[in-house]
Visitor: 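Let me give you the structure first, and then I'll get to my questions.
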Amino acid sequence: MSVLNPKIFLPLCAAGIITGYMAAEYIVPKYFHPTPDTKLTVEDIFRAIGDQPNYFRQTLAGNYLSGQYAQRHKDWDMAHEYMQRVARKDKTSADIQKHNMVLSMASGDALSAIEAARDVLKTDPQDILAMMFASLGHFKNGNYEGVKRQLSDVGDNNVAAFIVPVLEMWADTAEKKLSIDSLIPNSFYGYQALLAGEYIGNHKPAVKFAMDSFKLEEVDLRDLEKYADIFALYDKSDKALELYKLVKKHLGTNKELTNKIYALEKNQPAGPFINLPEINSPQEGAAYVYLDMAEILMREKSDDSATIFAQMALYLNPKLYSAHSIIAEVYQRSERGDDAIKALQNIPQGNDLYILSQRKIAEIYATQENNTKAIEILQGLYDTTQDIDALVQIGDIHRYEENYEAAVETYNKVFAITGEPTKDEWHILYARGMALERLKKFPEAEADLQQALGFRPDNPYLLNYLGYSWVDQGIKLEESLEMISKAVAMLPRDGYITDSLGWAYYKMKDFEKAVPFLERAVELLPYDATINDHLGDAYWQVGRKNEAKFQWQRALNYIETPSEEEELKEKLTLKLVSGLDALPAKAINQTGDDE
C-alpha cells in the first residue's frame, strides 16, 4: 500500500464516511405523496388560525422537512429531534435510520447514536459508520477486544481503512503493546504512535517510527508545535528547534514558544514549558484520534464531519475542551452565535483554553452588536486573570464603534501596565495610532504609527495607513508614494491600498497616473463612497467631467452613515452642481480616509 498524505487523504476519508448519511435530501420517502394523513382541510386551517392558535398537525413529511431545514442551518438539536420522530414512525427505511444515527451523534447524543448503530448493523453488517460508532461504544466501555473485533470487519478498500489501524493501535495499548508494525509511515500516524508510546512507556520504537514518518509537507503549520514538543522531550532538540522557529516565522510567537526556543538555544531542557496531552487510558488515546480528525476537517470546512468527530472525542473524554472550540467554530461559521457561545461556555475557568474562549464569546457578542455584554465579559476576564489582551480587545470594540476617546484611554491603560511598547505590541500601537488619527491628533498618531512601522517595516497595512495619512495632509508625498507602492506590490487586490496609491499621485498633481489606480480601486471596491469620490476628482482634473459627475453621484448614493460622512455629503452635493470649482481651495478633495 502506498504512503498516504494525511493532509489530503484524511479529510477526504472522514468526510467520505459521513457524506452519504448527511445527504438525506436525495431520499424521497413515500409519505411525501398526498394522503389523508398529510392533507390539511379547510377546517384544519380555520382551527389553526382561529380559536386554537397553537394547533399543529404532526406528520412524517412535516417532521422530515423540519429536520432537513434544521440540519442545513446546523441546528443539530432540532434536526435530531425531528428526525427521531420520523425514525420512530418509519422503521422500515434504512436510509432514515442511518440518517437519524448520524444526527444523534452530531447533536451530542452519542448513546442514541451507538444504539442506532447496533440496530443498523443488524440489517446492514457492512455499514462503515455504524461499525465506527459501535466501536466507539466498545472504547467507552473499556471493551478493547470488542473494539478490535468490530474494526476487523472494516475492509481494506473503503474510506475508513485509514482510520482503523491507529484505533486498533490504541486498543492494543490496553495490553501495553505498541502495535506500529502495520502503520504506514506518515505524520498523522507518527504523532499518534508517539502519544501511545508515552502512554505505555515504550518511547524508543515510537520515536524512531515518528522520526522516520515525519514529513513537513504533510503537516499543517498549526500542528507543527505539538510535533516539536514531542521531539524536544525525546532528545531530538535540533529537529524541535527547527520546527519551533518555523512556527514562529509563519504564525508568530507567544510566551510558551519563546521560552521553548530560548531553552533549546541555550542547550537547556524545554520540558518545563511543554504540556503533553494527558492520556490515562486507551479510550482517551482514541479520543485524540477523533479530535485530530475534527481539527483537520474544521480547517477544511467539512463542518458536518468536524462536528461529528468532535462529539465522538467528547464522548470518550469529556475533558477534551478543545472539541467544544471546534464545535463553536462550526456554529459561528453558520451564523449561529448563541449556539457557539453555549459551546464555549463548557470550557471551565482554569483550563488553558478558558481565556481564549472568553475572548471569543466577547467577539461573538460584538458581532451581534451587543458591545455592552462583550465589554462586560472582557473586563471580568481582565479582573480575574489580568489578561492584557482582554483590555486590548475592549479598546478595539470602542474603536470599531467609533468611540475613539474611550479606545485611546483603554490603549493608554494597557501601556501603563506593560510599560514601554515592545515589538510584540506593535498592533496596539497601530490601533492607538488609528484612533488618535481619527481624533485629529496627528502628531501623536504619527508617533505611534512610525514606532509600529519600526517594529513591522514590511506590514502593508501600516505602510498604507501612515502613507495615506501623510498624503491626505499633503506632506511627505515622495516618501508616502514609496511606502504605498510597496504595500500595493504586496497586496495588489486590496482596493483601499490601491486607492491610496492613486490618491498619492493625485496629491502630487500627476492626475494621469492617478486615474488608472483609482479606476482599479473602484473595480475592487465598487460601493465605497470615498473611493468613488476620489475617482470623480481625478476624472475632473483630466477633463472627463461627465464621468466625474457620474462617480460623485455614485459616491453620494453609497454613503451608508450620513452622520459620519456629513462633510463628504455636503462636498459631493456642491461638486455635482459646479464641479471642483464649487469648493474652497483649502477644502478640495479632503473627503475621506482609508485604512
Side-chain angles (χ1 to χ4, degrees), residues 6 10-22 71 74 76-77 79-80 98-118 120-121 127-144 146-148 150-151 154 159-171 188 191-192 195-196 277 279-300 302-331 343 346:
L10 184 56
L12 293 175
C13 162
I17 294 174
I18 305 296
T19 301
Y21 301 89
M22 303 302 279
Q71 178 186 320
K74 303 295 185 285
W76 300 115
D77 289 341
H80 176 217
K98 292 175 183 178
H99 195 60
N100 178 52
M101 172 184 72
V102 176
L103 288 177
S104 297
M105 187 64 75
S107 70
D109 187 357
L111 285 173
S112 293
I114 293 167
E115 183 180 347
R118 290 169 182 155
V120 167
L121 289 172
D127 186 273
I128 297 169
L129 193 57
M131 285 191 276
M132 297 297 293
F133 285 180
S135 68
L136 184 75
H138 291 314
F139 263 121
K140 184 69 173 180
N141 295 327
N143 180 8
Y144 302 119
V147 170
K148 291 186 284 186
Q150 190 76 69
L151 294 177
V154 179
V159 292
F162 185 87
I163 303 170
V164 168
V166 72
L167 293 174
E168 290 176 329
M169 177 195 72
W170 276 109
F188 178 77
Y191 179 67
Q192 290 295 326
L195 293 181
I279 297 175
N280 299 305
S281 66
Q283 77 176 53
E284 290 185 7
Y288 276 98
V289 176
Y290 296 123
L291 179 68
D292 284 351
M293 289 196 293
E295 287 179 348
I296 294 169
L297 289 160
M298 185 263 292
R299 294 170 192 167
E300 297 290 325
S302 296
D303 288 347
D304 292 352
S305 299
T307 299
I308 288 166
F309 281 107
Q311 295 288 13
M312 293 168 77
L314 282 170
Y315 180 63
L316 292 185
N317 185 356
K319 293 184 179 180
L320 278 186
Y321 296 112
S322 54
H324 291 296
S325 296
I326 292 169
I327 293 167
E329 178 70 20
V330 171
Y331 276 134
N346 287 306

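Residue numbers run from 1 in the order of the sequence given.
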Visitor: Just verifying a value: how many Å separate Y290 OH and L314 CG, rounded to the nearest 0.5 Å?
Guide: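 These two atoms lie 13.0 Å from each other.
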
Visitor: Got a donor-acceptor contact below 3.5 angstrom from the Q150 side chain to the M131 backbone?
Guide: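 Between the backbone of M131 and the side chain of Q150 there is no qualifying donor-acceptor contact (under 3.5 Å).
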
Visitor: Looking at OG of S325 and CD of E295, how far apart are the two atoms once the value is rounded to the nearest 0.5 Å?
Guide: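 Between S325 OG and E295 CD, I get 9.0 Å after rounding to 0.5 Å.
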
Visitor: Is the shortest heavy-atom distance from the side chain of M101 to the side chain of D127 under 4.5 Å?
Guide: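 Yes, their side chains come closer than 4.5 Å.
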
Visitor: Please tell me if the side chains of T307 and K74 come closer than 4.5 Å, counting only heavy atoms from C-beta onward.
Guide: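 No, their side chains stay 4.5 Å or more apart.
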
Visitor: May I ask you to test the F188-F162 pair for a side-chain heavy-atom distance under 4.5 Å?
Guide: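 F188 reaches F162 side chain to side chain.
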
Visitor: In Å and rounded to the nearest 0.5 Å, what is the CG to OG distance from L103 to S112?
Guide: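 L103 CG to S112 OG: 11.5 Å, rounded to 0.5 Å.
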
Visitor: State the CG-CD distance between D109 and E115, to the nearest 0.5 angstrom.
Guide: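 These two atoms lie 9.0 Å from each other.
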
Visitor: Looking at every non-hydrogen atom in both residues, tell me the closest pair between M312 and M105 and how far apart they are.
Guide: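 Looks like CG-SD, 3.8 Å.
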
Visitor: Could you tell me which non-hydrogen atom of Y191 sits nearest to which non-hydrogen atom of P277, and how far apart they are?
Guide: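 Reported closest heavy-atom pair: OH-CG, 3.7 Å.
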
Visitor: Measuring from K140:NZ to L316:CG, what's the distance to the nearest 0.5 Å?
Guide: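 The CG atom of L316 is 6.5 Å from NZ of K140, to the nearest 0.5 Å.
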
Visitor: Just wondering, do W76 and I327 contact through their side chains at under 4.5 Å, heavy atoms?
Guide: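 A side-chain contact is absent here, since even the closest heavy-atom pair is not under 4.5 Å.
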
Visitor: F133 versus I308: any side-chain heavy-atom pair under 4.5 Å?
Guide: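 Contact flag for F133/I308 side chains = yes.
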
Visitor: Can you name the nearest heavy-atom pair linking S104 to H80, along with the distance?
Guide: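 Closest approach of S104 to H80, heavy atoms only: OG-NE2, 3.0 Å.
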
Visitor: Could you report the tightest heavy-atom contact between R118 and G137, atom names first, then the distance?
Guide: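 It is NH2-CA, 4.4 Å.
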
Visitor: Check whether any side-chain heavy atom of I326 sits under 4.5 Å from a side-chain heavy atom of F309, and report yes or no.
Guide: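 With C-beta onward as the side chain, the pair stays apart.
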
Visitor: Hey, does Q283 have a side-chain heavy atom less than 4.5 Å from the side chain of Y144?
Guide: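 Side chain of Y144 against side chain of Q283, heavy atoms only: contact under 4.5 Å found.
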
Visitor: In Å, rounded to the nearest 0.5 Å, how long is the span from CZ of F139 to OG of S281?
Guide: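 Reported value, rounded in 0.5 Å steps: 9.5 Å.
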
Visitor: State, with a plain yes or no, whether a side-chain heavy atom of Y315 is found less than 4.5 Å away from one of I114.
Guide: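 Yes, side chains in contact.
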
Visitor: Minimum heavy-atom separation for I279 and G285, please, with both atom names.
Guide: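 Here I279 and G285 meet closest at CG2-N, 3.7 Å.
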
Visitor: Give the minimum heavy-atom separation between M298 and E329, together with the two atoms involved.
Guide: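 Closest heavy-atom pair between M298 and E329: SD-CG, 3.5 Å.
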
Visitor: Checking K98 side chain against V120 main chain: does a donor-acceptor pair fall under 3.5 Å?
Guide: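 Side chain of K98 to backbone of V120: no pair is present.
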
